[in-house]
Amino acid sequence: QVQLVDSGGGLVQPGGSLRLSCAASGFIFANYAMSWYRQAPGKERELVAAISAGSIRTKYGDSVKGRFIISRDNTKKTVDLQMNSLKPEDTAVYYCRRGRWGDWFQGDNYWGQGTQVTVSS
């Protein structure tokens, strides 16, 4: 049974940092690309970052490039998102998502439950 469990969200001040983690089970984690998406109220869900199965390739949304770093540990079966220099517009529910890497990241139908990140003074 495929399961993705997101954690690490919380309240942080602008300019601060936060680290999210997604714990995977029920599939061969090392064979899949992984990603983080986010959705703010009233907005469409958007790709934040993606990483290939072997960590050779990464992709970032324009709004987070240079501030966020995606990483994975195929032994622990986790994928993390290190978020630095946080801005109020980063406030959203963050979700991990499984996928494959073709020409770029292609997500499938497995998502974590989401974790709330609020950036506010």
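If you read the sequence from its start, that first residue is 1, and numbering goes on from there. Computed from heavy atoms alone, side chains included, the values below leave out hydrogens, waters and symmetry copies. From a predicted model like this one, the values you see are computed outputs, not experimental measurements.
Linking Ile, Leu, Val, Met, Phe, Trp and Tyr residues whenever their side-chain heavy atoms come within less than 4.5 Å places V2 and I51 in a single cluster. Both V93 and L47 are part of a single hydrophobic cluster, where members link through side-chain heavy atoms under 4.5 Å apart. In terms of hydrophobic clustering, with Ile, Leu, Val, Met, Phe, Trp and Tyr side chains grouped at heavy-atom distances under 4.5 Å, V117 and Y60 are assigned to a common cluster. In the hydrophobic clustering of ILVMFWY residues, with side-chain heavy atoms under 4.5 Å counting as a link, L86 and Y95 come out apart. Under the 4.5 Å side-chain heavy-atom criterion for ILVMFWY residues, a single connected hydrophobic cluster contains both W101 and W111.
Between Q113 and V5 the shortest heavy-atom distance is OE1-CA, 3.5 Å. R72 and S55 make their closest contact through CG-OG, 3.1 Å (heavy atoms, listed as atom of the first residue, atom of the second, distance). Scanning both residues, A24 and L4, for their nearest heavy atoms gives CB-CD2, 3.7 Å.
Distance check, rounded to the nearest 0.5 Å: CE of M34 to OG of S52 gives 12.5 Å. Remark: K77 NZ to I28 CD1 distance equals 10.0 Å, nearest 0.5 Å. One distance of note links CZ of R98 with CZ of R100; it measures 7.0 Å at 0.5 Å rounding. Going from atom CD of Q13 over to atom OG of S120 covers 8.5 Å, rounded to the nearest 0.5 Å.
The distance between the ring centers of Y32 and F27 falls below 6.0 angstrom.
Remark: D90 engages R38 in a salt bridge, criterion side-chain N to carboxylate O under 4.0 Å.
Side-chain atoms of Y94 and L81, non-hydrogen and from C-beta on, do get closer than 4.5 Å to each other. In this structure, the side chains of K76 and F29 stay at 4.5 Å or more apart for every pair of heavy atoms. D6 is not listed as a side-chain neighbour of L20, based on a closest heavy-atom distance of 4.5 Å or more. With a 4.5 Å cut-off on side-chain heavy atoms, R67 and M83 do not count as touching. The shortest distance between side-chain heavy atoms of P14 and V119 falls below 4.5 Å. Using a 4.5 Å heavy-atom cutoff, the side chains of V48 and F68 are in contact.
Counting heavy-atom neighbours within 6.0 Å of E89 CD, excluding the residue itself, gives a total above 12. A 6.0 Å sphere centred on CG of N31 holds more than 12 heavy atoms belonging to other residues, nucleotides or ligands. In this structure, Q116 places its CD atom where more than 12 heavy-atom neighbours from other residues, nucleotides or ligands lie under 6.0 Å away.
If you check the side chains of D80 and S71, you find no donor sitting under 3.5 Å from an acceptor. Side-chain polar atoms of R19 and Q82 form a donor-acceptor pair below 3.5 angstrom.
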**OP:** Please report the C-alpha distance between W104 and K59 in whole Å, then the side-chain angles of each, then the deciding distance to 0.1 Å, and finally whether the side-chain contact (heavy atoms from CB on, under 4.5 Å) criterion is met.
**Re:** CA-CA 8 Å; W104 52 82; K59 179 181 179 181; 4.0 Å; yes
Subject >> D73/T78 under side chain to side chain donor-acceptor pair (under 3.5 Å): CA gap, chis, key distance, verdict >> reply: CA-CA 5 Å; D73 187 328; T78 59; 5.3 Å; no
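Using cut-offs of 30° and 60° on the angle between ring planes, the pair F105 and Y37 is tilted.
A donor-acceptor contact shorter than 3.5 Å links the side chain of T115 to the backbone of G9.
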